[in-house]
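Each chain gets a letter, A, B and so on, in the order the sequences are listed, and its residues count up from 1.
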Amino acid sequence: MKPRFLLVTTICVALLLALSTTVLGGAWKGTITIWDCPRWRDANDNQYHWMERKIAEFESSHPGVKIEMIKVPWAELAEKLNIAIAARDWPDMAPIDISGGTVKLDHIDQGVLEPIDPFFPKDELADFFPAALEGYTYKGKIWGVPQAMTVHALLLNLDIFKERGVEPPENGRWTWDEFVEKMKKLTFDRDGDGKIDVYGFSTYVLKGYHEIFPMLFMDGATWFDEARNWNLNTPEAVSALKKIAALKFEHKVTPQTMGTADVGGTFQAFANPEQRTVAVEPWASWAIATCLTSPKYKMNFMVAEYPIGKRGKPITISGTGGFVVFKQKDKGKLETLMEFVKSITTTADQLEFAKNYGTFPARKSAQEADPFADTPQMAFAAKMMEYTISVPRHKEFMQIDDRLQAELQLVFNGEKTPEQALEDAHRAIKRYLK
Amino acid sequence: MGLQKILQDIARHKWDYLFVLPKFAVFVAFIGVPVAWSVFISFQEFGVFQTRWVGLDNFRVAFEDDLFLIALKNTVWYALIVMPANVLIALVLASLIFPLSRKAQTFFRAAFYLPTVTSAVVIAMAWKYIYQPDVGLLNAFLRMLGASGRNWLGQSSTAMWSVIMMSILTPPGVGIIMYLAAMGSIPNEIYEAATVDGASGFQKWWRITVPLLKPTTLYLVVLGTIGSFQVFSQIMIMTRGGPGHATKVLVYLIYETAFRDMEFGLAGAYSLMLFAIIMVFAFIQFKYLNVNLEYY
């Protein structure tokens with residue numbers, strides 16, 4: 001056989017193969033790289049078992065497709081992803097909440113993400129709650145597939161309520177004054193040594209965390225008003241912040257570390273059986289699942305709304321979690337990726353998350369399956385979704401949050417008055433608001 | 001030196017240069033290129049797919065930014081206390097160890113050098129526990145003495161001091177080793193002559209040892225200044241710049257600006273300014289502390 005003939009034949013075969021997998025609709029083959037973060041533990045203490053199972057299922061139904069998972073702790077996700085984006089070495093898919101600033105809106109403007117709209121027909125999107133889709137909507141397009149929603153709520157240690165003979169709020173609802181009265185009764189010297197051992201309330205103030213914000217909003221303020229003007233220097237915001245600070249300095253129903261402690265220490269004070277020195281703390285819904293299912297932290301607790309202030313109704317902060325797909329050059333790979341994202345955000349998956357991971361389904365069909373029939377705490381928190389305010393969509397939100405929370409910390413240190421702190425915060429963030 | 005002379009020199013010493021090449025290549029790849037890149041991007045608005053020339057805009061923003069000034073003030077404060085304290089502690093400890101037997105010297109050298117080979121993160125975590133307000137060792141000790149504890153890292157008035165105390169109380173292993181080596185090279189005759197003249201132990205230390213250690217002191221002062229201006233891991237682990245901005249230092253600000261805010265251009269400008277500040281301090285230190293010593 002002549003070498004030239006051999007070469008031509010080889011090229012023709014290669015072209016035919018290429019045609020068969022692209023123009024003729026053949027399946028894409030290759031490697032997909034995804035990032036995922038720890039979920040709930042299985043019997044082997046593995047927190048990645050859910051994604052590993054989903055990958056195995058997808059690979060078996062898509063011969064030639066290999067999915068590599070990079071395991072990333074939640075605390076490192078934003079930083080690692082930012083570095084990956086700066087180096088243009090991003091994964092194909094990652095669990096990102098775009099409202100949290102993990103992927104900056106600037107990145108979306110620059111084309112780092114793929115919109116999902118072309119791959120989700122309207123009837124498919126109709127199964128998602130509008131609030132969940134809103135969490136991924138920017139400039140008229142949807143930039144991720146919502147998997148779950150979270151909400152902040154107050155967790156009440158019922159054993160401490162019982163010990164002090166304090167009635168928990170009826171139907172989980174209370175006014176600010178009722179809340180303060182109960183916190184006073186729940187702050188006490190347990191061992192009779194003249195020192196307070198148990199406190200009514202505690203939380204922390206840290207950038208990126210918004211447990212205290214529903215309280216800050218109780219008298220009517222939010223981050224921005226409807227005209228997108230800064231709203232946290234208004235009398236409503238000052239009044240709410242004064243009330244929260246009074247818990248520490250006037251009513252003395254919080255530990256000395258309230259506002260300055262870290263996340264882990266605050267949770268341990270509430271849930272660790274060796275401590276349990278705080279009766280009420282605000283947490284995102286993951287804490288509900290932890291206190292329900294974790295062998296270490298399982299406890300007798302209920303979920304209540306944030307106390308009602310001058311706004312006249314309870315308020316909470318919600319978030320939407322899900323998966324985003326990063327910019328792809330290969331159309332076949334993009335289609336396969338979207339197929340994979342669909343396969344991990346089904347009704348069954350969202351039900352599994354709701355039952356094991358302390359999140360609320362983003363799909364109506366999953367919610368209709370009543371995932372919280374056996375967990376009244378989660379069912380109650382789910383109802384709070386109707387009072388939610390979302391973290392605002394602002395390009396510089398992380399910087400704004402940093403400057404604001406730095407000033408709030410100084411209030412709880414007793415170093416600034418609420419008026420002064422909110423005014424200083426406004427002055428500091430003016431340049432980001434332009 | 002002309003290019004031709006340089007090439008001739010390289011050809012003459014080609015084996016020397018060949019042996020230096022691997023280390024030099026690593027230096028260029030991991031230090032030279034990133035430094036050059038940070039200089040370049042400090043004049044750019046950094047984008048994912050393209051960057052845009054903005055001239056001195058990043059430097060203007062840096063000077064107008066109150067956070068930069070706060071971080072600069074905190075960093076200078078930290079450096080001005082930690083660097084002299086560490087040098088002084090190293091000198092005193094080395095002076096106490098030097099007269100001991102060889103075995104005792106070896107023990108103390110190893111003991112004081114241990115923190116140098118321990119991760120700064122581990123040390124910072126241990127100190128975070130020491131400062132913990134409820135169950136921390138420091139407050140437990142104070143309560144034992146009948147005093148009340150404090151929220152050391154949670155109050156602006158004590159947070160920076162707590163970080164400074166941690167840096168001072170962590171033994172300066174390198175300084176101790178350097179001083180011990182330098183003390184060993186001081187000729188004994190000088191001390192003998194001083195003894196004949198009736199000098200006391202302290203006089204010998206103050207009039208002979210300390211002045212003759214000046215080159216080592218200069219080296220430690222310059223290194224200590226650079227290290228203090230680059231303080232980061234303690235802040236990252238213990239306070240994250242808080243409460244408020246009480247412990248925000250320059251390298252932490254650079255880190256946040258680059259890896260949280262993705263403002264690589266501005267972070268590059270901050271880095272160049274930090275470099276210039278360190279250069280100024282080093283220049284002053286060389287000018288006033290530099291000395292050439294020869295023992296006769």
Side-chain angles (χ1 to χ4, degrees), chain A residues 78-88 90 101-104 106-112 195 204-208 255-262 265 268-269 274-275 277 327 395-396 398-399 401-403 405-416 421 424-425 427-428 431-432, chain B residues 34 37 41 45-52 60-61 64-67 70 125 128-129 131-136 139 143 148-159 236-248 252-253 255-268:
Chain A
E79 187 181 306
K80 283 193 169 171
L81 199 63
N82 276 335
I83 296 168
I85 290 171
R88 274 181 267 166
W90 46 68
T102 311
V103 166
K104 295 189 79 173
D106 253 351
H107 293 146
I108 297 176
D109 285 338
Q110 290 178 63
V112 170
K195 290 177 188 164
Y204 45 82
V205 178
L206 289 170
K207 55 195 164 194
Q256 186 194 5
T257 52
M258 192 273 216
T260 60
D262 59 13
Q268 294 299 321
E274 289 171 14
Q275 297 187 33
T277 52
K327 192 76 187 168
K395 282 190 174 187
E396 312 287 355
M398 287 179 87
Q399 286 97 320
D401 189 52
D402 181 26
R403 304 304 290 262
Q405 302 241 27
E407 294 298 333
L408 294 181
Q409 284 178 348
L410 298 180
V411 172
F412 294 102
N413 280 349
E415 295 173 35
K416 282 192 180 179
D424 288 350
R427 196 175 309 119
R431 72 182 168 114
Y432 305 116
Chain B
W37 179 247
I41 61 168
E45 185 185 300
F46 187 85
V48 177
F49 295 102
Q50 59 183 25
T51 59
R52 188 170 65 87
R60 183 184 54 76
V61 171
E64 286 172 6
D65 188 357
D66 60 330
L67 273 191
I70 292 169
M125 288 179 80
K128 191 176 177 184
Y129 172 70
Y131 286 135
Q132 215 281 334
D134 298 323
V135 293
N139 277 354
R143 286 189 199 110
S148 58
R150 294 197 66 155
N151 189 358
W152 299 100
L153 296 173
Q155 293 285 332
S156 300
S157 54
T158 52
M236 177 78 177
I237 299 294
M238 294 167 77
T239 64
R240 293 203 160 234
H245 303 299
T247 58
K248 193 153 269 180
Y252 189 73
L253 177 68
Y255 162 79
E256 279 191 332
T257 308
F259 299 117
R260 185 199 64 192
D261 306 340
M262 297 289 284
E263 302 250 16
F264 286 97
L266 185 57

Where do A/Arg88 and B/Val48 come nearest, in terms of heavy atoms and distance?
NE-O, 2.9 Å

Which atoms form the tightest heavy-atom contact between A/Thr260 and B/Gly154, and what is the distance?
CG2-O, 3.5 Å

Can you see which heavy atom on B/Ser156 is nearest to which on A/Leu410, and at what distance?
OG-CD2, 3.4 Å

Out of curiosity, B/Arg150 CZ to A/Gln256 CD, how far, rounded to the nearest 0.5 Å?
8.5 Å

Short N-O contact, B/Arg260 and A/Asp402, less than 4.0 angstrom
yes

Give, for atom CE of B/Met262 and atom CE of A/Met398, the distance between the pair rounded to the nearest 0.5 Å.
10.5 Å

Kindly compute the distance separating CZ (A/Arg431) from CD (B/Glu64), expressed to the nearest 0.5 Å.
9.0 Å

Which region of A/Ile85, side chain (C-beta onward) or backbone (N, CA, C, O), has a non-hydrogen atom less than 4.5 Å from a non-hydrogen atom of chain B, or is it both or neither?
both

Hey, could you give me the CD/NE2 distance between A/Glu407 and B/His245, rounded to the nearest 0.5 Å?
6.0 Å

Using every non-hydrogen atom in the two residues, find where B/Asn151 and A/Thr257 come nearest and quote the distance to one decimal.
ND2-CA, 4.1 Å

Sort A/Asp262 into side chain, backbone, both or neither according to what part of it lies under 4.5 angstrom from a heavy atom of chain B.
side chain

Most heavy-atom pairs under 4.5 angstrom with chain B, which of A/Arg403, A/Gln405, A/Glu79?
A/Arg403

Closest contact, heavy atoms only, A/Ala86 versus B/Phe46:
O-CZ, 3.9 Å

Which distance, rounded to the nearest 0.5 Å, do you find between the NZ of A/Lys195 and the CZ of B/Arg143?
7.0 Å

Heavy-atom pairs under 4.5 Å with chain B - which of A/Lys80, A/Glu396, A/Glu415 has more of them than the others?
A/Glu415

Taking side chain as everything from C-beta outward and backbone as N, CA, C, O, which of these in A/Lys416 sits under 4.5 Å from a heavy atom of chain B? Side chain, backbone, both or neither.
neither

Side chain, backbone, both or neither: which part of A/Gln110 has a heavy atom under 4.5 Å from chain B?
both

In terms of heavy-atom contacts, B/Phe259 and A/Asn82 come closest through O-ND2, 3.1 Å

Can you tell me which portion of B/Gln132 sits under 4.5 Å from chain A's heavy atoms? Options are side chain, backbone, both or neither.
neither

